[in-house]
2 protein chains.
Amino acid sequence: MQLFYEPNFDSSATSISINEMESRHISKVLRKSIGESIYLTNGLGICAEGILISNHPKKCKVEVKTIIEEKKPNFRIHIAIAPTKANDRFEWFLEKATEIGIDEITPLLCDHSERRKIKADRYEKVLQTAMKQSLKYRLPLLNPMISFNDLMKSDSDSKKMIAHCEDDTKEKLSGTVNRDNLILIGPEGDFSIDEIKKAIKHEFLPISLSEARLRTETAGIVACHTVNLMRSL
Amino acid sequence: MQLFYEPNFDSSATSISINEMESRHISKVLRKSIGESIYLTNGLGICAEGILISNHPKKCKVEVKTIIEEKKPNFRIHIAIAPTKANDRFEWFLEKATEIGIDEITPLLCDHSERRKIKADRYEKVLQTAMKQSLKYRLPLLNPMISFNDLMKSDSDSKKMIAHCEDDTKEKLSGTVNRDNLILIGPEGDFSIDEIKKAIKHEFLPISLSEARLRTETAGIVACHTVNLMRSL
């Protein structure tokens, strides 16, 4: 089964017009013919199975046969993470987190951040490709980059946690996983002492992810997988 | 703290001669001077802290001050995994598994393998770099590539598990983690039906790693992290 992405339809759709990029792929690359079956997700938990009724290279059209709705998981993961200096490491985090399961990602600008600009369009593509490849029907929400201080000011109903590397008393993430989780992951140089103090003042629980020293992108994946695993036990 | 790798010393060492590659790095790249302190691991669980007594670019020498022995973890992970078609994805698995914690890796040649040759020397370097970067004192053992059938013939005292994607009854890895674990991860096209049957005949327990469809290298990391996490609860 191959999955395509078209955000503009809902569960009531009877026919769906497919965006230019996916249409080109369906018509030019895969050379699909009218009558072939196509699977589309809107990235919001819905998959439409249908028949190709137009294979126009700029605007394919599908007649919907079945609508499948993915049931919402009983937990949420939002990871706010400092993009790594090496861009491919951050894109790798985006791909793996999508495969394993994540709801929301916020690139975080910290005192020790080595990357202060992000490639949001590229990141969106990475998330879309990973969603389709892993046959998921939900596209993780990618927020704009936000400074650590602005994140502190923003409201959140989530259980708030900060994964830092200082030798403080920290709880294991595995023991504190909640229904709705917001986890902060710092840059290569870790969070600054000032940031850690601020986070604690704003009721972020200091956590440790592992006994090992993990790279930023590995910490992001380990946090993501720990929440998924603990919620599935 | 920066860690260097020199396999040829043990806990009785009073002075250590450092191999050419690390010597060049210490002397030429980092320009360390005599008298500076150096941390060396032998990759077998021992770290020596010492003073540089020669910074010769081909043969640095260290006078040992302290020997630190890493206590053995109370569990073992051996992952036999089919190298991915894209080499960087497999090297990424090697790096991340080393960071998270793995004892032994066996590249596996399967019916559906797309990569039939491996770059063992490159892989060794990836493991060494990841070990040093994550300040670990144990280098994972990288075995030569072995065919699925030869692996079936080889003895193992480990709990044997095979992670395949067929819709069969499978146990969750999280519920079956053991003291000593051997986990098989298939190639992009999964294990063949024949391989799955053979494995079951050889008492490999079919397991699932996640509800999601994971790429080969992601499955390897998820398996590795699941064992580490379950053993730490």
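Protein chains get the first letters and strands the later ones, always in sequence-line order, with residue 1 at the start of each. In this text the structure is predicted, and so the values were computed from the model without any measurement.
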Engineer: Any chance you could measure D88(B), atom CG, to W92(A), atom CH2, to the nearest 0.5 Å?
Structural biologist: 12.5 Å
Engineer: Going by heavy atoms in the side chains, are K96(A) and L214(B) under 4.5 Å from each other?
Structural biologist: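 They are not in contact (no side-chain heavy atoms under 4.5 Å apart), so the answer is no.
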Engineer: Sort out for me which of S232(A), A130(A), S210(A), G101(A) touches chain B most, counting heavy-atom pairs under 4.5 Å.
Structural biologist: S232(A)
Engineer: Is the shortest distance from a Lys or Arg side-chain nitrogen in R215(A) or E95(B) to a carboxylate oxygen in the other one below 4.0 Å?
Structural biologist: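 E95(B) and R215(A): salt-bridged.
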Engineer: Are V222(A) and E99(B) close enough that some pair of their side-chain heavy atoms sits under 4.5 Å apart?
Structural biologist: no
Engineer: So do the side chains of E211(B) and N228(A) get within less than 4.5 Å of each other, counting heavy atoms only?
Structural biologist: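 They are not in side-chain contact.
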Engineer: Could you give the distance from CE (M1(A)) to CZ (R213(B)), rounded to the nearest 0.5 Å?
Structural biologist: 8.5 Å
Engineer: Output the residues of residues 163-189 of chain B for which the shortest heavy-atom distance to chain A is under 4.5 Å, in residue-number order; output 'none' if no such residue exists.
Structural biologist: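 Against chain A, the residues of residues 163-189 of chain B that fall inside the cut-off (heavy atoms, under 4.5 Å) are K172(B), S174(B).
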Engineer: Using 0.5 Å steps for rounding, measure from the CD1 atom of I100(A) to the NE2 atom of H225(B).
Structural biologist: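 Atom-to-atom, I100(A):CD1 and H225(B):NE2 are 9.0 Å apart.
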Engineer: Please identify, among E217(A), Q133(A), K136(A), the residue contributing the most non-hydrogen atom pairs under 4.5 Å to chain B.
Structural biologist: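 Most heavy-atom pairs under 4.5 Å with chain B: Q133(A).
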